[in-house]
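Here is the structure we will look at.
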Number of protein chains: 2
Amino acid sequence: MDGQNRYMAAALEEAEAAARRGEVPVGAVIVRDGAILARAGNRTRELCDITAHAEILAIRAASAELGDERLTGADLYVTLEPCAMCAAAISFARIRRLYYGAEDPKGGGVDHGGRFYAQPTCHHAPEVYSGIAEVEAARILTDFFKGRR
Amino acid sequence: MDGQNRYMAAALEEAEAAARRGEVPVGAVIVRDGAILARAGNRTRELCDITAHAEILAIRAASAELGDERLTGADLYVTLEPCAMCAAAISFARIRRLYYGAEDPKGGGVDHGGRFYAQPTCHHAPEVYSGIAEVEAARILTDFFKGRR
């Protein structure tokens, strides 16, 4: 398995773990220099915190780990297209590349909605690669919502 | 001083306190049923966390206080137009009304950039009132950046 797939596999594991906790199953991993700096799944319910999306938790953990609020040179892998909140946070953290799995036409903020990285108010845009493991990423979400009905 | 101005005055105090800590001076207050639920200033540098904007810290504190990730019926006062990250968080938290001071053409996400509340990917939009104490809010920011030069 090449690096890109290995890191997305770790993000998918985080999404599966989130589903087992009863959270909307999204997972994220931050990588720099070939090492995973942080990995997280969505914990909005557990933490009673609407900002506790996988990407935000991973960014906060990586910044704490490095003692640097900017994650210059780091890449973020996430199973679902980031929302507007997370898209902006990824920009503020100076993430170099964003790899995401499934598209999110209803709530995405990268290739849908306000498309933050295309705005003049965006001062750092990561390179974006989408559709990585998108079938698996979408399946985890679909199974989760099917199980809840 | 009427309620609206009193709450913005508290947000301005938080902005001034942030400036004294060497943080970009933005302050926010969350109010429900005539009481301040949470107040916060920007702490991105101190916490080494790019998500630690005043609005995010206030939302997290209010949710922790109430044990509820949704702040239905609560209003948020902030000295500067929220960025895309904070605009989305305000929506996710189901804030009823957003009152902000100065506009932020370079980084705002409410009336500039992706205008999150106008997007089909936004599923709850607060009522927005802008320009409250905007001269004072802008002055605190201008003085801060002047002092840094």
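Just so we're on the same page: letters track the sequence lines, and every chain starts at 1. Nothing here was measured: the structure is a model prediction, and the numbers come from that model. Basis for what follows: all heavy atoms, side chains included, without hydrogens, waters or symmetry-related copies.
Here the NE2-OG1 distance, from B:His112 to A:Thr121, works out to 9.0 Å after rounding to the nearest 0.5 Å. Distance check, rounded to the nearest 0.5 Å: NE2 of B:His53 to OG1 of A:Thr51 gives 12.0 Å. Rounding to the nearest 0.5 Å places CZ of A:Arg70 at 11.5 Å from SG of B:Cys48. The line from CZ of A:Arg45 to CD of B:Glu69 is 8.0 Å long, rounded to the nearest 0.5 Å.
Hydrophobic clustering (side-chain heavy atoms under 4.5 Å, transitive across Ile, Leu, Val, Met, Phe, Trp, Tyr) keeps B:Met85 apart from A:Leu57. A continuous path of ILVMFWY side-chain contacts below 4.5 Å connects A:Tyr100 to A:Val24, so both sit in one hydrophobic cluster. At a threshold of 4.5 Å between side-chain heavy atoms, the hydrophobic network of Ile, Leu, Val, Met, Phe, Trp and Tyr places B:Phe145 and A:Phe92 in one connected group.
Other residues, nucleotides and ligands place more than 12 heavy atoms under 6.0 Å from the CZ atom of A:Arg94.
Annotation: maximal heavy-atom pairing with chain B below 4.5 Å, among A:Ser91, A:Ala88, A:Gly113, occurs at A:Gly113. Between chain B and the options A:Ala87, A:Ala52, A:Ala84, the largest number of non-hydrogen pairs under 4.5 Å is found for A:Ala84. Top candidate by heavy-atom pairs under 4.5 Å with chain A, chosen from B:Cys86, B:Ser63, B:Pro120, B:Gly109, is B:Ser63.
Evaluated for a side chain to side chain contact (heavy atoms under 4.5 Å, CB included) with B:Arg60, the options A:Leu47, A:Ile50, A:Asp49 yield exactly one hit, A:Asp49.
With a threshold of 4.5 angstrom between heavy atoms, B:Ile59 approaches chain A through side-chain atoms but not through N, CA, C or O. Of the atoms belonging to A:Phe116, it is side-chain heavy atoms, and not backbone ones, that fall under 4.5 Å from chain B.
With hydrogens and angles ignored, the 3.5 Å screen pairs a side-chain donor or acceptor of B:His123 with a backbone N or O of A:Lys106.
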